[in-house]
Amino acid sequence: MSTDIRPSLGLRPVINVSGTMTSLGASIVVPEAIEAMASMLPHFVEINDLQRKASAVIARLTGGEAGFVTASCSAGISLAVAGAITGNNLLAIERLPDVVPEKNEVLVQMGHVVSYGAPVDQAIRLAGGKVVLVGQATSTHRFHMENAITDKTAAAVYVVSHHVVDYGLLNLKEFVEIAHAKGVPVIVDAASEYDLRIFLEQGADIALYSGHKFLGGPTSGIVAGRKELVRHAFLQNMGIGRGMKVGKESIFGVMAALEAWENRDHAGIRERETGYLNFWKRTLDGRPGLTALIEPDPTNNPLDRLRLIVDPEQAHITAWDLADALAKGSPPIIVRDHEVEHRYFYLDPCNLHPGEEKIVAERLAQELDKARASNEIIATPIENRSRHRFDGALRWPD
């Protein structure tokens, strides 16, 4: 592990058991990408030619016909949607998003309109797309989508995420079948997904990935798929994509991260992470009010997480107060708490440096022992979290 620069900057040395979260820096960048970025930074390069080199690597890894690197997966949504709307019309590209071709409707299942830090539908609207919601939050049927497609439909967006409703909606194969029957291209947001090939194999026309999550590359997004649609998305760099541009070092860093992905010891990493999970489970088993369950990833990524269910009556603390105590302590432990109102949170082992799993266990034991020693149950109102969720952002900079 390299020297930790965070204390010298006055930054908290957080330990991330939340996962590949952008708000925490997403992931540990792999050495190959760091080396590639450092080697490219001193030199000039023709960016479009470098993107062509990246396209070949992206195509090989994803099975797509072409690809390019952009600022983020969110940027990829906007660029892919814009490309579906404008095609290669350079004037239309310059006039987005205020002046939009008539064919600009974009279908999204209502249960897929989630937030990854910003709303999915906003990324579509930034491109001049008119969002057409399909079905209800927990129910989409074929007739919903078939009747939503009109001569104004430019594209359909499908979101793969642990945030989406995972029942009652159209699966990707059926979504693609309905869209393609009426000539509508399908764009898949697969930002946090491990499998780089499956979505294009299942018929998607464009698949979008984060370069800085499981891949361990620099902050970036990857657009992959059909050559014509990728080209139309790439052309948006002459329009709305200018503010989403990516530097030479990030393009080359993503290329290196993709090639490292081919050679990564995926089985060895899974074995190590499973060891962390079992260690945490042994640490927690038998403690009053706690149930520790090892569960698979909900979108079928090849990894597990530990779900910690907290009974406040016995543990003397709520799940959300335990999560907050871990985050506020020393060192800060940031857990995966997006469902904490259901009295549980997750520990994700994918972003730990060696030895940090022991610190996580120690901090859990400290906070649980402190709670058990309390004469009263530590139970702040859950609505306090909602009330104060954005305080830090609203005060920035202090």
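Sequential numbering from 1 along the given sequence is applied to the chain's residues.
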Beyond-backbone contact of I334 with M21, side-chain heavy atoms, under 4.5 angstrom:
no
Over all heavy atoms of both residues, which pair between A361 and F279 is shortest? Give the atoms and the distance, please.
CB-CE2, 3.6 Å
From CG (N301) to SG (C350), nearest 0.5 Å:
9.5 Å
Within 6.0 Å of NZ in K248, more than 12 heavy atoms from elsewhere
yes
When hydrophobic residues are tied together by side-chain contacts of less than 4.5 Å, even through go-betweens, does V254 share a cluster with I34?
no
Side chain to side chain contact (heavy atoms under 4.5 Å, CB included) between I187 and D205, worked out:
CA-CA 6 Å; I187 299 163; D205 299 282; over 6 Å; no
Any carboxylate oxygen within less than 4.0 angstrom of a Lys/Arg side-chain nitrogen, looking at D324 and K328?
no
Ignoring hydrogens and geometry beyond distance, is a side-chain donor-acceptor pair present between T86 and Q236 at under 3.5 Å?
yes
What closest approach, in Å, do F214 and S192 show between heavy atoms, and which atom pair accounts for it?
CE1-O, 2.9 Å
Any L277 side-chain heavy atom under 4.5 Å of K281 side chain:
no
To the nearest 0.5 angstrom, please state how far the OG1 atom of T274 sits from the CG atom of L303.
9.0 Å
Answer yes or no: is there a donor N or O on one side and an acceptor on the other, between the side chain of N237 and the main chain of F234, under 3.5 Å?
yes
Under 4.0 Å between a side-chain nitrogen and a carboxylate oxygen: does that hold for E228 and R231?
no
Would you indicate whether R385, at its atom CZ, is surrounded by more than 12 heavy atoms from other residues, nucleotides or ligands within a distance under 6.0 Å?
yes
Is there a donor-acceptor contact under 3.5 Å linking the side chains of D311 and Q314?
yes
Which residues pass the side-chain contact (heavy atoms from CB on, under 4.5 Å) test with A38, not counting sequence neighbours?
none
Please indicate whether E262 has more than 12 foreign heavy atoms, meaning atoms of other residues, nucleotides or ligands, lying under 6.0 Å from its CD.
yes
Look at atom CZ of R287 and say whether more than 12 heavy atoms of other residues, nucleotides or ligands are closer to it than 6.0 Å.
yes
In this structure, CZ of R372 is separated from CD1 of I378 (nearest 0.5 Å) by 11.5 Å
Can you confirm whether R305 sits close enough to L347 that some side-chain heavy atom of one is under 4.5 Å from a side-chain heavy atom of the other?
no
Out of curiosity, L322 CG to L290 CG, how far, rounded to the nearest 0.5 Å?
7.5 Å
I'd like to know if E146 pairs up with K182 as an ion pair, taking the criterion as any Lys NZ or Arg NE/NH1/NH2 lying under 4.0 Å from an Asp or Glu carboxylate oxygen.
no
Using a 4.5 Å cut-off on heavy atoms from C-beta on, say whether the side chain of L107 contacts that of T153.
yes
State plainly whether one hydrophobic cluster holds both V188 and L215, where clusters connect Ile, Leu, Val, Met, Phe, Trp and Tyr through side-chain heavy atoms under 4.5 angstrom apart.
yes
Less than 4.5 Å apart, any side-chain heavy atom of R6 and any of D4?
yes
Side-chain donor/acceptor of E32 to backbone N/O of V30, under 3.5 Å:
no
For the side chain of R307 and the backbone of A292, is there at least one donor-acceptor N/O pair under 3.5 Å apart?
no
Within the structure provided, determine whether E193 and F199 are in side-chain contact (heavy-atom separation under 4.5 Å).
yes
Tell me whether R226 is salt-bridged to E65, with the criterion being a basic N under 4.0 Å from an acidic carboxylate O.
no
Could you go through W320 and N384, starting from their C-alpha distance and side-chain angles, then the distance that decides it, and tell me whether this counts as side chain to side chain contact (heavy atoms under 4.5 Å, CB included)?
CA-CA 10 Å; W320 52 89; N384 282 3; over 6 Å; no
Side chain to side chain donor-acceptor pair (under 3.5 Å) with D49: of R52, Q51, K53, only one passes, and it is R52
Side chain proximity check, V132 to V108, heavy atoms < 4.5 angstrom:
no
Distance-only donor-acceptor check, side chains Y346 and E339, under 3.5 Å:
no
Hydrophobic clusters here meaning ILVMFWY residues chained together by side-chain heavy-atom distances under 4.5 Å, can you tell me if V159 and L229 are in one?
yes
Does CZ belonging to F143 count more than 12 external heavy atoms closer than 6.0 Å?
yes
Exercise: identify the closest heavy-atom pair between V69 and S220
CG1-CB, 3.9 Å
Quick test of your reading of the model: are R387 and E383 salt-bridged, counting only N-O distances below 4.0 Å?
no
Within the side chain of D189, is there an N or O that forms a donor-acceptor pair under 3.5 Å with the backbone of A191?
yes
For S74 and Y116, does a side-chain donor sit closer than 3.5 Å to a side-chain acceptor?
yes
Near F252 CZ, under 6.0 Å, is it more than 12 heavy atoms from other residues, nucleotides or ligands?
no
No-hydrogen, no-angle side-chain donor-acceptor test under 3.5 Å, N375 and H316
no
Within this structure, what is the CZ-CZ distance for the pair R60 and R197, rounded to the nearest 0.5 Å?
10.0 Å
Report yes if the side chains of H162 and D297 come closer than 4.5 Å at any heavy-atom pair, otherwise no.
no
Would you please indicate yes or no on a ring centroid separation below 6.0 angstrom for Y158 and H112?
yes
Tell me whether V17 shares a hydrophobic cluster with L308, the cluster being built from Ile, Leu, Val, Met, Phe, Trp, Tyr side chains joined at under 4.5 Å.
yes
Flag for D321-T318: side-chain donor and acceptor within less than 3.5 Å:
yes
Over 12 foreign heavy atoms within 6.0 Å of CD, E295:
yes
Are H266 and Y194 close enough that their ring centres sit under 6.0 Å apart?
yes
Within the supplied structure, the quantity of interest is the number of heavy atoms (other residues, nucleotides, ligands) at a distance under 6.0 Å from L91 CG; does it exceed 12?
yes
Does either side chain, that of S18 or that of N16, offer a donor lying less than 3.5 Å from an acceptor on the other one?
no
Nearest 0.5 Å please: distance from the OG1 atom of T219 over to the NE2 atom of H212.
5.0 Å
So, using side-chain contact (heavy atoms from CB on, under 4.5 Å) as the criterion, who are the partners of A373 when residues are at least two apart?
none
Is a side-chain donor or acceptor of Q109 paired with a backbone partner of L170 at a separation under 3.5 angstrom?
yes
Ignoring hydrogens and angles, tell me if any N or O in the side chain of R125 forms a donor-acceptor pair with the backbone of V131 under 3.5 Å.
no
Report yes or no: does T70 contribute a side-chain atom to a donor-acceptor pair with the main-chain N or O of S72 at less than 3.5 Å?
no
Indicate yes or no: does K173 engage E177 in a salt bridge with an N to O separation below 4.0 Å.
no
Any donor and acceptor pair, going by atom type alone, linking the side chain of S250 with main-chain N or O of P218 inside 3.5 Å?
no
Between L235 and M244, is there shared hydrophobic-cluster membership here, with clusters defined by ILVMFWY side-chain heavy atoms closer than 4.5 Å?
no
Judged by atom type as modelled, is there a donor-acceptor pair below 3.5 Å linking the side chain of N278 to the main-chain atoms of I294?
no
Of all heavy-atom pairs between W280 and L306, which one has the smallest distance, and what is that distance?
CB-CD1, 4.1 Å
Is it true that a side-chain atom of S139 and a backbone atom of Q136 form a donor plus acceptor pair closer than 3.5 Å?
no
Closest heavy-atom pair, A154 versus N104, reported as atoms and distance to 0.1 Å, is CB-CA, 4.1 Å
